Amino acid sequence: MKNIAVIGAGTMGNGIAHVFAQNGYQVNLIDISQASLDKGMATIGKNLDRMVAKERISESDKKVTLNNISTFDSVSKGVSDVDLVVEAATENLDLKLKIFKELDEVCSDKTILATNTSSISITQIAAVTNRPEKVIGMHFMNPVPIMKLVEIIRGYSTSDETTKIIMELSSKLGKTPTEVNDYPGFVANRILMPMINEAIETLYNGVAGVQEIDTVMKLGMAHPMGPLQLADFIGLDVCLSILNVMHDGFKNPKYAPCPLLVNMVMAGKLGSKSGEGFYDYAESRKAETVSKQFS
């Protein structure tokens with residue numbers, strides 16, 4: 001397995017492309033937007049520059065990594081004759097089903113189809129293809145070049161062979177693959193999102209302020225960042241989407257998103273990517289200033 005296609009040049013997609021390319025794989029980075037491709041490649045370049053500055057890689061390593069990546073604005077051209085496709089598009093079921101239907105039609109029969117979904121059923125995605133045994137979840141963590149975990153999610157029909165190949169491939173990337181079964185939210189988000197949602201509920205109910213909630217979790221529970229800061233980092237729209245998937249999948253009210261989260265997303269307050277969430281990022285990308293709404 002040497003040729004990899006990654007669909008989506010956003011935060012997760014460019015990170016996944018970076019990691020494969022840095023480990024010697026030929027990567028086709030695909031996005032329908034040339035602007036997104038340009039931005040994705042610029043991000044990869046900046047991240048590699050940081051690694052060079054920290055002497056983790058050489059300037060030569062950086063050039064080789066960038067040379068291993070080709071960009072495409074066409075799915076059919078970008079996935080021709082690849083061994084693996086990793087879909088990293090927006091966390092939207094209809095979009096993912098559309099992408100996988102197309103991939104099944106245009107990819108070689110040998111190609112394994114993986115999705116970086118953080119919550120959506122692998123079984124449901126695989127069902128729109130004629131190769132459900134070759135469909136699997138590869139849930140990378142953000143930021144991909146740094147985080148070691150990859151959740152490997154088997155759909156109902158995912159074969160042992162496919163799982164073995166993807167587990168071994170993830171290890172070759174320097175990651176720690178962990179196999180989980182196909183239920184809404186898998187493991188990472190099934191545990192993380194209720195915690196974030198409860199932190200938002202705690203703020204919503206006036207128990208404590210933004211910084212106070214985050215401080216308790218950082219200093220009391222040894223979390224590297226507080227749940228509200230983490231929600232901003234992930235994107236409040238992404239958090240809402242995952243909670244909705246879990247709420248719909250389990251029909252359990254404990255997964256119902258907090259009304260404050262719903263309202264913030266409707267208002268376009270999505271966290272660091274929109275410039276404001278629980279914190280204000282107008283002057284710094286760090287979560288240092290609480291949004292006026294909560295101060």
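Please read all numbers here as calculations on a predicted model, not as lab measurements.
Nearest approach of T117 to F186, heavy atoms of both residues: O-CE1, 3.5 Å. Residues I99 and A89 share a closest heavy-atom pair of CD1-CB, 3.7 Å. Nearest heavy atoms, A88 versus I16: CB-CD1, 4.1 Å. Smallest separation of non-hydrogen atoms from C107 and V85: SG-CG2, 3.9 Å. Between P227 and I213, the closest heavy-atom pair is CG-CG2, 4.3 Å. When all heavy atoms of P194 and N189 are compared, the pair lying nearest together is CD-O, 3.5 Å.
Rounding to the nearest 0.5 Å places CD of E212 at 9.5 Å from CG of L203. We find the CD-CE distance between E276 and M264 to be 7.0 Å, quoted to the nearest 0.5 Å. Note: D83 CG to I165 CD1 = 9.5 Å, rounded to the nearest 0.5 Å. Taken from OG in S70 to CG in L29, the straight-line distance is 9.5 Å, to the nearest 0.5 Å. Rounded to the nearest 0.5 Å, atoms CZ (R190) and OH (Y183) are 9.0 Å apart. Rounding to the nearest 0.5 Å gives a distance of 10.0 Å between CZ of F233 and OH of Y281.
Proximity of I57 to L48: side-chain heavy atoms (C-beta onward) are separated by under 4.5 Å at one or more points. With a 4.5 Å cut-off on side-chain heavy atoms, K218 and P224 do not count as touching. Proximity of E201 to P259: side-chain heavy atoms (C-beta onward) are separated by under 4.5 Å at one or more points. Side-chain contact check for L228 versus I196: every heavy-atom pair is 4.5 Å or farther apart. Side-chain atoms of M195 and M217, non-hydrogen and from C-beta on, do get closer than 4.5 Å to each other. Inter-residue side-chain proximity for L84 and L169 is flagged as met; some heavy-atom pair is nearer than 4.5 Å. Between N142 and M147 the shortest side-chain heavy-atom distance does not fall below 4.5 Å. When side chains are defined from C-beta on, Q229 does not count as touching Q211, because their heavy atoms never get closer than 4.5 Å.
Using a 4.0 Å cut-off between a side-chain N of Lys or Arg and a carboxylate O of Asp or Glu, K164 and E168 qualify as a salt bridge. At a threshold of 4.0 Å, the pair R154-D182 does not count as salt-bridged, since none of the basic side-chain nitrogens sits closer than that to a carboxylate oxygen. Between K273 and D232, none of the side-chain N atoms (NZ, or NE/NH1/NH2) sits under 4.0 Å from a carboxylate O, so this pair counts as no salt bridge. In summary, D109 and K134 do not engage in a salt bridge, as defined by a charged side-chain N under 4.0 Å from a carboxylate O.
The hydrophobic clustering, which links ILVMFWY residues whose side-chain heavy atoms are closer than 4.5 Å, places V79 and I69 apart. Hydrophobic clustering, with ILVMFWY side chains joined whenever heavy atoms are under 4.5 angstrom apart, keeps M138 apart from V187. If you chain together hydrophobic residues whose side chains sit under 4.5 Å apart, F294 and L270 fall into the same group. One hydrophobic cluster, built from ILVMFWY side chains closer than 4.5 Å, cannot hold both V82 and I112; they sit in different ones. The hydrophobic clustering, which links ILVMFWY residues whose side-chain heavy atoms are closer than 4.5 Å, places F20 and V150 together.
Between the D73 side chain and the I32 main chain, no donor and acceptor come within less than 3.5 Å of each other. A donor-acceptor contact shorter than 3.5 Å links the side chain of D31 to the backbone of A9. Looking only at distances, a side-chain donor or acceptor of N92 sits under 3.5 Å from a matching main-chain atom of L95. Of the possible polar contacts, one joining the S274 side chain to the G271 backbone as a donor-acceptor pair under 3.5 Å is found. Judged by distance alone, the side chain of T162 and the main-chain N or O of E133 form a donor-acceptor pair under 3.5 Å. Between the side chain of N116 and the backbone N or O of F140 there is at least one donor-acceptor pair closer than 3.5 Å. For the pair K98 (side chain) and L93 (backbone), a donor-acceptor distance under 3.5 Å is absent. A donor-acceptor pair is defined here as one N or O able to donate and one able to accept, closer than 3.5 Å; no such pair exists between the side chain of S108 and the backbone of D81. Checking side-chain atoms of R131 against main-chain N and O of T111 turns up a donor-acceptor pair under 3.5 Å. Of the possible donor and acceptor atoms, one in the side chain of D280 sits under 3.5 Å from a partner among the backbone N and O of A282.
The number of heavy-atom neighbours closer than 6.0 Å to NZ of K39, taken from other residues, nucleotides and ligands shown, is 12 or below. Atom NZ of K101 has 12 or fewer heavy atoms from other residues, nucleotides or ligands within 6.0 Å. Crowding of Y156 atom OH: a count of heavy atoms from other residues, nucleotides or ligands under 6.0 Å not exceeding 12. Summarising the local packing, CD of E283 is surrounded by 12 or fewer heavy atoms from other residues, nucleotides or ligands at distances under 6.0 Å. By the 6.0 Å contact criterion, NZ on K269 is open, its count of non-hydrogen atoms from other residues, nucleotides or ligands being 12 or less. With a 6.0 Å radius and a threshold of 12 heavy atoms from other residues, nucleotides or ligands, D248 has its CG atom above the threshold.
In the model, E87 has a side-chain atom that pairs as donor or acceptor with a side-chain atom of T115 under 3.5 Å. Residues S58 and D61 have side chains that bring a donor and an acceptor to within less than 3.5 angstrom of each other. Inspection of the S119 and E91 side chains reveals an N or O donor paired with an N or O acceptor under 3.5 Å. In the model, Y279 has a side-chain atom that pairs as donor or acceptor with a side-chain atom of D214 under 3.5 Å.
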field: CA sep, side-chain torsions, deciding dist, call: Q34, D38, side chain to side chain donor-acceptor pair (under 3.5 Å)
entry: CA-CA 6 Å; Q34 185 60 49; D38 293 342; 2.9 Å; yes

- request: Go through the steps for T65 and N23 under the test side chain to side chain contact (heavy atoms under 4.5 Å, CB included), then give the verdict.
  value: CA-CA 8 Å; T65 298; N23 284 276; over 6 Å; no

query: Does the side chain to side chain contact (heavy atoms under 4.5 Å, CB included) test come out yes or no for V144 and H18, once each step is laid out?
result: CA-CA 8 Å; V144 181; H18 172 161; over 6 Å; no

message: Test side chain to side chain contact (heavy atoms under 4.5 Å, CB included) on I152 and S170; report intermediate values, then the result.
response: CA-CA 9 Å; I152 306 299; S170 299; 3.6 Å; yes

task: Take I136 and I153 through the side chain to side chain contact (heavy atoms under 4.5 Å, CB included) test and state the conclusion after the steps.
output: CA-CA 6 Å; I136 194 166; I153 307 105; 5.8 Å; no

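By the 6.0 Å and 45° rule, K2 stacks over the aromatic ring of Y25.
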